[in-house]
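Heads up: the structure comes next, in structure tokens.
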Amino acid sequence: MKGGGSVTRPMGIPVFERFFREVASLDMDKDDLRRYRRFVDQKIDDIAVAGRNSAKWNGRDVIAPQDLPITKGLQERMREFDQLDVADEVRELLRATVRRPPGDVTFAEDTERLLPELFGGLSIALARSFRILDPRVVRPGAEHWDRAFAVFELVY
């Protein structure tokens with residue numbers, strides 16, 4: 001994945017606003033999209049490290065798709081992501097903006113192609129977690145983000 005981009009650049013904001021509205025009826029602003037970017041960056045590190053460890057355990061230096069920590073629930077969210085009207089635009093932005101993993105991690109080409117789907121699924125799970133944490137939330141605040149991050153840290 002290419003690095004250096006920012007989810008919060010002007011052309012990305014409307015796409016992610018539509019995504020969060022479509023998935024969980026949430027209104028997001030620029031601060032939320034910065035927090036989302038932090039979430040994605042943190043998860044790329046977590047996934048890369050888990051994948052690297054799995055690949056090493058299996059005697060490989062390159063991370064294959066089967067090395068990624070993809071649960072049944074995440075697989076279902078990835079399938080849901082594929083069906084969204086805004087999925088193609090989100091994929092393109094994720095391809096352009098997800099930063100590189102740590103230097104000691106190498107993804108195989110097919111793993112690289114899977115990452116936008118993985119992050120699409122994680123993004124659906126994140127958006128819906130706000131509704132689980134607070135069914136009345138429309139515009140998540142810092143407290144909602146902190147709680148959602150804490151939940152993901154428990155399992156991912």
Side-chain angles (χ1 to χ4, degrees), residues 1-8 12-13 15-17 19-58 63-82 84 86-87 90-91 93-108 111-156:
M1 304 227 122
K2 299 173 192 165
S6 174
V7 169
T8 58
I13 292 172
V15 171
F16 283 103
E17 286 174 338
F19 171 80
F20 282 100
R21 214 174 7 258
E22 183 176 343
V23 169
S25 300
L26 297 171
D27 290 332
M28 299 295 211
D29 62 19
K30 288 181 183 181
D31 288 334
D32 292 316
L33 296 177
R34 284 186 198 101
R35 290 179 181 113
Y36 171 71
R37 175 59 190 218
R38 194 174 86 230
F39 172 81
V40 169
D41 286 349
Q42 184 178 337
K43 291 301 132 204
I44 191 74
D45 284 348
D46 295 345
I47 289 166
V49 168
R52 179 200 62 206
N53 294 345
S54 179
K56 284 188 190 244
W57 179 260
N58 289 301
I63 299 170
Q66 65 267 23
D67 296 319
L68 299 178
I70 300 176
T71 63
K72 176 185 173 280
L74 184 52
Q75 287 176 350
E76 291 171 4
R77 301 303 74 76
M78 290 166 69
R79 281 192 290 276
E80 288 176 29
F81 173 70
D82 190 50
L84 295 175
V86 72
V90 172
R91 271 187 204 98
L93 286 169
L94 288 171
R95 279 187 196 103
T97 62
V98 170
R99 69 178 177 75
R100 298 294 314 159
D104 63 340
V105 173
T106 304
F107 289 126
T111 307
E112 287 267 352
R113 286 190 301 273
L114 180 65
L115 290 178
E117 303 304 312
L118 177 63
F119 281 101
L122 280 171
S123 299
I124 287 176
L126 173 67
R128 292 190 181 150
S129 74
F130 291 119
R131 288 296 192 170
I132 292 169
L133 294 169
D134 182 354
R136 297 171 309 221
V137 70
V138 174
R139 175 163 271 149
E143 182 178 310
H144 295 103
W145 282 95
D146 291 344
R147 288 179 184 171
F149 272 54
V151 168
F152 274 84
E153 284 302 308
L154 288 174
V155 296
Y156 229 101

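- No side-chain heavy atom of Val151 sits under 4.5 Å from any side-chain heavy atom of Arg147.
- Between Thr71 and Val155 the shortest side-chain heavy-atom distance does not fall below 4.5 Å.
- Separation of atoms CD1 (Ile47) and CG (Leu115) is listed at 7.5 Å; rounding is to 0.5 Å.
- A distance of 12.0 Å separates CG of Asp67 from NZ of Lys56, quoted to the nearest 0.5 Å.
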Worked check of ring pair (Phe, Tyr, Trp, His ring centres under 6.0 Å) between Tyr36 and Trp145: CA-CA 9 Å; Tyr36 171 71; Trp145 282 95; 7.2 Å; no
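- The backbone N or O of Pro135 sits less than 3.5 Å from a side-chain atom of Arg131, completing a donor-acceptor pair.
- Phe20 has its side chain out of reach of Asp27: every pair of non-hydrogen atoms, C-beta onward, lies at least 4.5 Å apart.
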Give the C-alpha distance, both sets of side-chain angles, the deciding distance and a yes or no for side chain to side chain contact (heavy atoms under 4.5 Å, CB included) between Leu68 and Phe107. CA-CA 10 Å; Leu68 299 178; Phe107 289 126; 4.2 Å; yes
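- Between Phe119 and Leu93 the shortest side-chain heavy-atom distance does not fall below 4.5 Å.
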Take Arg91 and Asp82, measure what side chain to side chain contact (heavy atoms under 4.5 Å, CB included) needs, and give me the verdict at the end. CA-CA 9 Å; Arg91 271 187 204 98; Asp82 190 50; 2.6 Å; yes
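- Between Val23 and Arg128, the closest heavy-atom pair is O-NE, 3.6 Å.
- The nearest pair of heavy atoms linking Phe130 to Met28 is CE1-CE, 4.1 Å.
- Rounding to the nearest 0.5 angstrom, the gap separating the CD atom in Glu17 from the CG atom in Leu33 is 6.5 Å.
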Yes or no on side chain to side chain contact (heavy atoms under 4.5 Å, CB included) for Phe152 and Leu122, after CA distance, side-chain angles and deciding distance? CA-CA 10 Å; Phe152 274 84; Leu122 280 171; 4.1 Å; yes
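- Asp41 has a carboxylate O that lies under 4.0 Å from a charged side-chain N of Arg37, or vice versa, which qualifies the two as a salt bridge.
- For the atom pair CZ of Arg113 and CZ of Arg95, the computed distance is 10.0 Å after rounding to the nearest 0.5 Å.
- Remark: Leu118 CG to Leu94 CG distance equals 10.0 Å, nearest 0.5 Å.
- With contacts defined as side-chain heavy-atom distances shorter than 4.5 Å, the pair Leu114/Met78 qualifies.
- Within the 3.5 Å criterion, the main-chain N or O of Leu126 finds no donor-acceptor partner in the side chain of Arg77.
- Under the 3.5 Å distance criterion, the side-chain polar atoms of Ser54 are left unmatched by any main-chain donor or acceptor of Ala50.
- Annotation for Glu76: atom CD counts as buried by contact number, over 12 foreign heavy atoms lying within 6.0 Å.
- For the atom pair CZ (Arg79) and CD (Glu117), the distance works out to 12.0 Å, reported to the nearest 0.5 Å.
- Minimum interatomic distance between Phe81 and Gly121 (heavy atoms only, all atoms of both residues): CB-N, 4.2 Å.
- Side-chain contact between Glu153 and Asp46 is present, with heavy atoms from C-beta onward closer than 4.5 Å.
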